[in-house]
Amino acid sequence: MRSHPVTLGFIPLIDAAPLIIAHEMGYAHEEGLDLTLSRAPSWSALRDMLRLGRVDAAHMLAPVPVAAALGLGGVEEKLSAVSVLSVNGNVIGVSRALAARLRDQGHSFGFDDAWDAGRALIAAADKPLRIGVPFPFSMHAELVYYWLKTLGMPAPEGLIVRVVPPPHMGEAIRAGEIDAFCVGEPWGSHSVESGVGELLLPCSRIWAFAPEKVLAVRDAWIEQEPRVVQALIRALWRAGRWLANPSSRALATEFLSRSQWLNLPAELLDRALSGTFVTSPDGTMRRTSGFVEFHRGAANFPWRSQAEWIASRLANRVGLDPDQAAEKARSTFRSDIYRAAMANTGADLPGASAKLEGALSEDTPVASRAGRLILPRDCFFNGEIFEPLLK
């Protein structure tokens, strides 16, 4: 059978793993796809590669299709998230100088308390705090704004958010361009290994189950190649299922470390997959559960309520009406396409396509096709619950 060629764009991050594994383990080939992966230098470059048709689909920041639907970022092409590739996976870090001030004030760097870490950061930071994020429309930016604003830091007067491509975050710290960062692994750990940064908090402590990267496609390509889109969703779902197995970790890091993918030591990459981090150049180690998820708890399902939450945060930040923004954005997370792709796989899909975000304080059984789906805790650090327009 002839394979259908598909070009996928990616950024060298741990959460590009489903694309790399789908290629390396043959899942794409088994779905009838001839997969080519195209590495991009930055999120803006990758977004433009997608909108201009230079790649068919992309490993993309979850807010980018939402921002496009709201007319933000100058993207006229309609984009959709047809599956979620990863949940969580980001870390907040600080410069060595700022870390020293935090310690002088008594902060323990426990790596587990968003309230304590945020209050300590606000107290210790020069004003304004300069923090690097990979893209203006990213979960990095939205979680940082949400976290620090909740804790009382005024923006923009108290906070300057600067865009720095993930591989260059450590260099920006070293050059004194930023005081802190929020970035996907392995680039937080890389700053520690380089001796320029220390890790303060995993973003999973701000929102316990946040959609991080999605499989983004142009709506025009969905119309042109609906079966190819569905085959790609299945291949990446199979890769995520393989990644979720702890016995796969050693081989996964070996694949990811290769020069054409992340080109970093496997030991460094293993930190995110295992949840065991070296948080300081002095060798301090911290363990965190649920740092990144590729499969468990319907992690790949594109909940429309997640698109609404992202839209409401973007709207508040740029001065749009939050309800109107949520209405425009909810259809960018295509649960309908995901359901069609997964119909004959045996995957247990949720009965609804939207839910209360932040409502689960513990793993909870929910209504599903097979009746065995358990959704993980998804609470926000401040106990807020987000109710979508339509459930």
Side-chain angles (χ1 to χ4, degrees), residues 1-4 6 8 15-35 56-57 59 62 80-89 209-217 221-222 225-249 251-252 255 273 290 292-307 333-355 360 362-378 391:
M1 182 179 70
R2 182 176 178 272
S3 296
H4 194 290
V6 173
L8 267 178
D15 52 34
L19 285 70
I20 295 165
I21 296 305
H23 178 274
E24 293 281 4
M25 293 293 292
Y27 296 129
H29 180 74
E30 290 170 9
E31 290 288 346
L33 304 176
D34 180 10
L35 203 59
D56 298 310
H59 158 242
S80 288
V82 295
S83 72
V84 174
L85 295 174
S86 62
V87 168
N88 301 333
F209 211 71
E212 175 50 36
K213 301 302 188 305
V214 297
L215 177 62
V217 299
W221 195 59
I222 296 173
E225 302 284 358
R227 293 185 179 180
V228 175
V229 172
Q230 291 183 20
L232 185 56
I233 291 169
R234 289 191 297 271
L236 294 171
W237 175 80
R238 293 173 67 189
R241 183 176 59 179
W242 183 86
L243 283 161
N245 188 333
S247 66
S248 301
R249 209 170 76 214
L251 184 55
F255 284 141
L273 297 184
V292 64
E293 182 58 60
F294 297 109
H295 180 74
R296 183 179 66 94
N300 308 116
F301 189 81
W303 295 94
R304 295 186 185 272
S305 46
Q306 293 175 341
F333 274 39
R334 297 295 301 272
S335 51
D336 56 330
I337 293 175
Y338 186 84
R339 289 183 187 279
M342 302 302 294
N344 297 317
T345 63
D348 196 7
L349 303 179
S353 293
K355 59 184 174 68
L360 303 181
E362 58 185 21
D363 294 0
T364 304
V366 297
S368 64
R369 185 169 67 180
R372 60 177 185 271
L373 180 61
I374 297 176
L375 295 185
R377 64 185 294 273
D378 71 342
K391 296 187 287 292

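- Put simply, the side chain of Q306 reaches to within 4.5 Å of the side chain of V84, judged on heavy atoms.
- By the 4.5 Å heavy-atom criterion applied to side chains, L215 and W237 are not counted as neighbours.
- Using a 4.5 Å heavy-atom cutoff, the side chains of D336 and R304 are in contact.
- Counting all heavy atoms, side chain and backbone alike, A28 lies closest to A235 at CA-CB, 3.8 Å.
- For A16, the side-chain contact (heavy atoms from CB on, under 4.5 Å) criterion is met by F10, I20, H59, not counting sequence neighbours.
- The minimum heavy-atom distance between A252 and I21, with the atom names listed, is CA-CD1, 4.4 Å.
- From N245, atom CG reaches atom CG of L251 across 11.5 Å, with rounding to the nearest 0.5 Å.
- Within the 3.5 Å criterion, the main-chain N or O of S83 finds no donor-acceptor partner in the side chain of N300.
- Counting only heavy atoms from C-beta outward, the side chains of F301 and Y338 approach each other to under 4.5 Å.
- Between D15 atom CG and K213 atom NZ the span is 3.5 Å, to the nearest 0.5 Å.
- A distance of 9.0 Å separates CG of L85 from CZ of F294, quoted to the nearest 0.5 Å.
- Between L19 and L236 the shortest side-chain heavy-atom distance falls below 4.5 Å.
- Taking the side chain as every heavy atom from C-beta outward, K355 and L375 approach each other to under 4.5 Å.
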Item checked: Residue pair H23, F255: steps toward the side-chain contact (heavy atoms from CB on, under 4.5 Å) verdict -> CA-CA 10 Å; H23 178 274; F255 284 141; over 6 Å; no
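- Rounded to the nearest 0.5 angstrom, R296 CZ and L243 CG are separated by 14.5 Å.
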Notebook entry, point to check: What do the steps show when you test H4 against R227 for side-chain contact (heavy atoms from CB on, under 4.5 Å), and what is the final call?
Noted result: CA-CA 10 Å; H4 194 290; R227 293 185 179 180; over 6 Å; no
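- No side-chain heavy atom of E31 sits less than 4.5 Å from a side-chain heavy atom of H29.
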Would you tabulate the side-chain donor-acceptor contacts of residues 339-349 under 3.5 Å, counting partners in other chains and residues two or more places apart, or write 'none'?
unit_1: R339; atom_1: NE; unit_2: S353; atom_2: OG; d: 3.4
unit_1: R339; atom_1: NH1; unit_2: P350; atom_2: O; d: 2.8
unit_1: R339; atom_1: NH2; unit_2: P350; atom_2: O; d: 2.9
unit_1: R339; atom_1: NH2; unit_2: A352; atom_2: O; d: 2.9
unit_1: R339; atom_1: NH2; unit_2: S353; atom_2: OG; d: 3.1
unit_1: T345; atom_1: OG1; unit_2: M342; atom_2: O; d: 2.8
unit_1: T345; atom_1: OG1; unit_2: A347; atom_2: N; d: 3.1
unit_1: D348; atom_1: OD1; unit_2: S368; atom_2: OG; d: 3.0
unit_1: D348; atom_1: OD1; unit_2: R369; atom_2: N; d: 3.2
unit_1: D348; atom_1: OD1; unit_2: A370; atom_2: N; d: 2.6
unit_1: D348; atom_1: OD2; unit_2: S368; atom_2: OG; d: 2.9
unit_1: D348; atom_1: OD2; unit_2: R372; atom_2: N; d: 3.0
unit_1: D348; atom_1: OD2; unit_2: L373; atom_2: N; d: 2.9

Check: Could you walk me through whether L35 and Y27 pass the side-chain contact (heavy atoms from CB on, under 4.5 Å) check?
Finding: CA-CA 10 Å; L35 203 59; Y27 296 129; over 6 Å; no
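- Using a 4.5 Å heavy-atom threshold, the side chains of V82 and L232 count as separate.
- Looking only at distances, no side-chain donor or acceptor of D56 sits under 3.5 Å from a matching main-chain atom of W221.
- The two residues A239 and A22 have their closest heavy-atom pair at CB-N, 3.7 Å.
- The minimum heavy-atom distance between P302 and S335, with the atom names listed, is O-CB, 3.6 Å.
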